[in-house]
Amino acid sequence: MRIDRTIYHGRPDNAADRLPKEMAVYDLLETLAVPYSRVDHEITPTVEACAEIEKILGIGICKNLFLCNRQKTDFYLLMMPGEKVFKTKDLSHQLGCARLSFADSSFMEEYLDITPGSVSVLGLMNDRENHVRLLIDRDLLKEEYLGCHPCINTSSLKIRTADILEKILPAVHHEYTLVDL
């Protein structure tokens, strides 16, 4: 995988090569005065593919899972440490709902404007009607910084956890529920 090992601070200089949804993330971060570091790279479809990016940024990249209930009426974005194993039964029990499963990519695109492999807390900026409930594994709150994609998996961002919780989530009108996995 090709990685530009340069750590950038701020938006890309050339927006012509970027998707509008990625540029919208940078607009949001600038509006909220949220500092971030960025690394550009080839497509990284999994957390495991992000290992080298984690080293460059000095963080762990979150595992972000887009889930739904059996009836496909309730949708969840789960953020958890990349090294943790996800057990549907444990999370379903904590939420008091029927077993959760991975949601169809069509819902991911409809509600978050994100494609598989690019799921990120930053996609909640596109969920203006709050279709998606954010779930955060309690262990992530121990981290000073979180890594996530800017709605596309060809860049990775390092953002202070406090900025995500105290600036970004309120600005995009989403709360979060802590879970223990």
Side-chain angles (χ1 to χ4, degrees), residues 1-67 77-86 102-127 132 134-137 139-165 167-169 171-172:
M1 171 175 58
R2 185 196 65 73
I3 300 173
D4 176 351
R5 302 183 74 77
T6 306
I7 298 176
Y8 298 95
H9 301 281
R11 68 175 49 245
D13 292 332
N14 183 1
D17 296 340
R18 307 291 176 142
L19 294 175
K21 63 184 172 183
E22 179 183 3
M23 297 311 293
V25 168
Y26 304 131
D27 291 343
L28 174 68
L29 296 175
E30 287 178 5
T31 299
L32 299 174
V34 172
Y36 59 94
S37 301
R38 175 178 52 86
V39 169
D40 296 330
H41 46 76
E42 288 183 353
I43 292 173
T44 54
T46 64
V47 169
E48 294 76 21
C50 293
E52 189 62 25
I53 297 161
E54 289 177 331
K55 290 178 191 172
I56 295 168
L57 288 173
I59 55 165
I61 302 289
C62 294
K63 186 182 290 185
N64 294 279
L65 305 176
F66 188 61
L67 308 166
L77 172 58
L78 171 64
M79 295 174 61
M80 59 188 285
E83 72 280 355
K84 275 197 175 183
V85 176
F86 172 61
F102 292 99
D104 295 336
S105 61
S106 61
F107 292 112
M108 185 185 308
E109 291 180 48
E110 178 181 352
Y111 298 143
L112 302 178
D113 192 22
I114 293 180
T115 55
S118 300
V119 179
S120 165
V121 64
L122 298 171
L124 292 174
M125 66 185 279
N126 300 312
D127 181 28
V132 180
L134 177 62
L135 310 173
I136 301 177
D137 183 278
D139 286 342
L140 284 182
L141 298 187
K142 298 174 187 172
E143 302 298 327
E144 183 177 1
Y145 292 92
L146 295 177
C148 58
H149 293 306
C151 295
I152 189 73
N153 60 358
T154 53
S155 290
S156 294
L157 306 180
K158 175 181 179 179
I159 302 175
R160 286 177 37 89
T161 304
D163 286 338
I164 291 173
L165 301 178
K167 292 181 179 180
I168 296 170
L169 291 178
V172 299

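From a predicted model like this one, the values you see are computed outputs, not experimental measurements. The figures here come from the full heavy-atom set of this structure, side chains too, leaving out hydrogens, waters and symmetry mates.
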When rounded to the nearest 0.5 angstrom, what is the spacing between [atom1] in [X] and [atom2] in [Y]?
X    : Y    : atom1 : atom2 : result
L169 : L122 : CG    : CG    : 9.0 Å
K63  : M80  : NZ    : CE    : 4.5 Å
S118 : N64  : OG    : CG    : 10.5 Å
L157 : H149 : CG    : NE2   : 9.0 Å
I164 : Y145 : CD1   : OH    : 11.5 Å
L19  : I152 : CG    : CD1   : 5.0 Å

Just to verify, what does [X] make a side chain to side chain contact (heavy atoms under 4.5 Å, CB included) with, not counting sequence neighbours?
X   : answer
A15 : M23
D17 : N14
S37 : I7, H9, L57, K158

Identify the two heavy atoms, one from [X] and one from [Y], that lie closest to each other, and give their separation to 0.1 Å.
X    : Y    : value
L28  : V172 : CD2-CG1, 4.0 Å
I53  : H41  : CD1-CD2, 3.2 Å
C148 : S120 : CB-OG, 3.7 Å
P116 : S105 : CG-CB, 3.6 Å

I43/N153 under side chain to side chain contact (heavy atoms under 4.5 Å, CB included): CA gap, chis, key distance, verdict: CA-CA 5 Å; I43 292 173; N153 60 358; 3.4 Å; yes

Any side-chain heavy atom of [X] within less than 4.5 Å of one from [Y]?
X    : Y    : value
P35  : D163 : yes
M108 : T115 : no
I168 : L29  : yes
L124 : L112 : yes
M125 : V25  : yes
Y111 : N126 : no
L134 : M79  : yes
I136 : V121 : no

Go through the structure and list residues passing salt bridge (charged side-chain N to carboxylate O under 4.0 Å, His left out) with [X], not counting sequence neighbours.
X    : answer
K21  : none
D139 : K84, K142
R18  : E22, D40
K55  : E52

Set of residues satisfying side-chain hydrogen bond (donor to acceptor under 3.5 Å, both in side chains) with respect to T6, sequence neighbours excluded: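 By the side-chain hydrogen bond (donor to acceptor under 3.5 Å, both in side chains) rule, T6 matches D4.
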
Partner set under side-chain hydrogen bond (donor to acceptor under 3.5 Å, both in side chains) for E110, not counting sequence neighbours: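 E110 satisfies side-chain hydrogen bond (donor to acceptor under 3.5 Å, both in side chains) with no residue once adjacent residues are dropped.
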
Sequence neighbours excluded - salt bridge (charged side-chain N to carboxylate O under 4.0 Å, His left out) pairs with any residue from residues 112-122: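 Found none.
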
Contacts of type ring-ring contact (aromatic ring centres under 6.0 Å, His included), residue Y26, not counting sequence neighbours: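 For Y26 the ring-ring contact (aromatic ring centres under 6.0 Å, His included) partners, ignoring immediate neighbours, are Y36.
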
Side chain to side chain contact (heavy atoms under 4.5 Å, CB included) evaluation trace for T161 with L140: CA-CA 8 Å; T161 304; L140 284 182; over 6 Å; no

Intermediate values then yes/no, side chain to side chain contact (heavy atoms under 4.5 Å, CB included), Y8 and D13: CA-CA 10 Å; Y8 298 95; D13 292 332; 6.0 Å; no

R38 side chain to G10 backbone, donor-acceptor under 3.5 Å: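 Side chain of R38 to backbone of G10, a donor-acceptor pair under 3.5 Å: yes, one is there.
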
